[in-house]
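Order of appearance sets the numbers: ligands from 1, and atoms from 1 within every ligand.
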Amino acid sequence: MRKLFILSILITFFYSTNAQQCRFEKTNGLESATYFEAIDWYKNLDKISTKVLVKEMGMSDAGYPLHLVMVSNDGKFDAAQWHKQNKAVILINNGIHPGEPDGIDACMMLARDIVNNKIKLPDNVALTFIPVYNIGGCLNRNSSSRANQNGPLEYGFRGNAQNLDLNRDFTKNDSKEAKSFAQIFHLLDPDILIDNHVSDGADYQHTMTLLTTQYDKLGAGLGGWLKNNFEPQLYRGMAEKKWDMVPYVNFETETPDKGMEMFYDPPRYSSGYAALFQTIGFVPETHMLKPFKDRVLSTYALSLTIIEKASANANELIAERKKARAEITLAKAFPFRWTVDTTKYSFVNFKGYEQGYKPSDATGLNRMYYDRSKPFTKQVKFFNVFNASNFVKTPAAYIIPQGWYGVVDLLKLNNVGMQQLMNDTMMDVEAYLIEDYRSTPRPYEKHHKNSGVKVFPVNQKIRFLKGDYIILLNQTANRYIVEMLEPTGDDSFFAWNFFDAILQQKEGYSDYRWDDLAAEVLKNNPALKTKLEEKKKGDENFAANSSAQLDFIYKNSPYYEPGHNRYPVYRINRK
Ligand SMILES: [Zn+2]
């Protein structure tokens, strides 16, 4: 009787794991799981296996919570403990662009195969997934929005419930998804982040391409280890699995003869954001023209390869990250611009197709096409060295007045340590006057983003209020802090319009009344009067324009508001 009971449990277990097939498998790789199927799938794995835990983590704009799936052999799911045990922690994000769902299906099978022991998750790896990140987009299922893509039959849409591209939202956090992601990210503090995509662009033979985060931002040690040690192992591992991988192909219609550049990933992107916290970011981009089935299988193979290599290199990976973090807390300056060095390159064994030209059936004009009957293999130059410039000295601290709570909240969300002033305090600080910037005339991801920012530093005495925030630059979050608070940062809060209110003058004057006061100002300030006369001499339009002169006097007088164009995050410099 007892034997029969055990047998029946075994049969149930066997049935519920081995017989469990996802939509991808049932349709022989033609279809992708729906959002609800994916969530049910993981909940079922959680039910039948002690290795899997599914939990809700924060909200999405679509009104559904994000889920986090945690997989660990010992059935323990405390990320802080994982790190203490020297496990390599991997986070895989799927469906950020739900029209590119390869990772959704690949990870469902991967988790199932770990549960039923088809694959052994190494004991020194903890694996976590976000099954579907852009839920609103995933629910917006259609068969046409990926015009160039070869399957699946149905898929979601790129925009989320606010029509945002979530892979531009990692620093500005317009979406609830991005805020929830930050919570998940800092809870896990992953050593490796994988964000699964499907590429657009040129045609070639490779199914899997890999966008690796720009090495240098991780710090010389960790970045160098990634480039010279870890990444080559992934390429070898994929070749052994018969998926010949190349770096993300970063040329659109040009021939590869000129070579290709490594993609520069500023922090609005998942991998660029992860780099700010010394997490190695990988963005697998399968090729859109390859059948969905092959794309999913290669995504599965790459996930597995990263798991294997993370396990084999766990000690080095963890040690390099620790070292990078220690260096970050002491860094005296950070570069803000990275440009590709066109003199330094390695070679990539690129398997492409010859290009040809023929008359277009659509437009009647000449068109380019890739001739699949003419495949080639070429050594292509890969420019993957970036030169750093625009170094900004790290201050001892930043001060942010509490009125800018939108920024303060996001800093807190990213585990930035801060203190509040106990009393109103007058302080000597360095302030930036915004000298120049450009805003995009049309919105980009809901913003008229500022770029080309030029600042003029001035020393000022400023009165701060009780409760204003002081952020010391002695933290592991240092790279994030400077990247977000220096207005010249690619995806800084200033770039994303959080401080635009200071760019507008709030008070002014009427010319007829100001004229009298302006005369008074000049009488009391002979130096200003000399400056005015000199400007008139050198600029005849100015000399003939009374309004311009009154404005000049106003802006150089105590009547002009000091906060106009003054960036409201202040620096206390190191002595
Ligand atoms: Zn994508």
Side-chain angles (χ1 to χ4, degrees), residues 32-33 35 38 60-61 66 91-107 129-152 154-172 174-175 177-178 181 193-204 206-214 245-252 260 262-275 281-292 294-296 298-300 302-303 306 444-445 491:
S32 174
Y35 166 71
S60 73
D61 286 347
L66 282 190
L91 170 61
I92 306 183
N93 192 31
N94 293 312
I96 189 169
H97 293 151
E100 309 164 14
D102 306 13
I104 296 175
D105 300 280
C107 285
F129 311 95
I130 297 174
V132 177
Y133 182 55
N134 178 353
I135 299 170
C138 196
L139 294 172
N140 188 1
R141 213 163 149 96
N142 73 96
S143 299
S144 53
S145 58
R146 293 288 294 171
N148 290 336
Q149 194 171 284
N150 187 357
E154 289 183 345
Y155 40 75
F157 181 66
R158 188 179 184 94
N160 87 332
Q162 277 195 74
N163 208 32
L164 293 168
D165 184 337
L166 295 183
N167 202 22
R168 308 290 183 270
D169 200 35
F170 284 97
T171 63
K172 65 185 171 68
D174 285 324
S175 66
E177 286 90 327
F181 184 90
L193 170 72
I194 304 169
D195 186 24
N196 284 316
H197 289 252
V198 180
S199 78
D200 295 316
D203 195 8
Y204 41 79
H206 305 272
T207 300
M208 177 58 80
T209 72
L210 183 63
L211 191 164
T212 300
T213 193
Q214 200 257 102
M245 184 169 74
V246 282
Y248 176 61
V249 178
N250 199 13
F251 53 83
E252 291 283 316
M260 50 192 201
M262 187 177 191
F263 186 82
Y264 172 70
D265 54 340
R268 83 194 74 146
Y269 297 103
S270 56
S271 56
Y273 169 78
F282 292 114
V283 181
E285 296 261 6
T286 58
H287 188 242
M288 62 179 180
L289 296 178
K290 301 298 177 290
F292 181 56
D294 288 355
R295 289 178 1 231
V296 172
S298 69
T299 302
Y300 181 104
L302 180 57
S303 313
I306 295 176
Y444 169 71
E445 290 303 316
D491 287 315

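- For Ala38, the side-chain contact (heavy atoms from CB on, under 4.5 Å) partners are Ile104, Met108, Val132, not counting sequence neighbours.
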Candidate pair Tyr269 and Phe170, rule ring pair (Phe, Tyr, Trp, His ring centres under 6.0 Å), full reasoning: CA-CA 6 Å; Tyr269 297 103; Phe170 284 97; 8.8 Å; no

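- Around the Zn ion (ligand 1), the angle linking His197 (ND1) with Glu100 (OE1) is 100°, rounded to 10 degrees.
- Of all heavy-atom pairs between Phe157 and Asn163, the closest is CE2-OD1, 3.5 Å.
- In terms of the salt bridge (charged side-chain N to carboxylate O under 4.0 Å, His left out) criterion, Asp294 has no residue partners (sequence neighbours excluded).
- Atom ND1 is the N/O/S atom of His97 found closest to the Zn ion (ligand 1).
- Within the 2.8 Å limit, Glu285 places no N, O or S atom next to the Zn ion (ligand 1).
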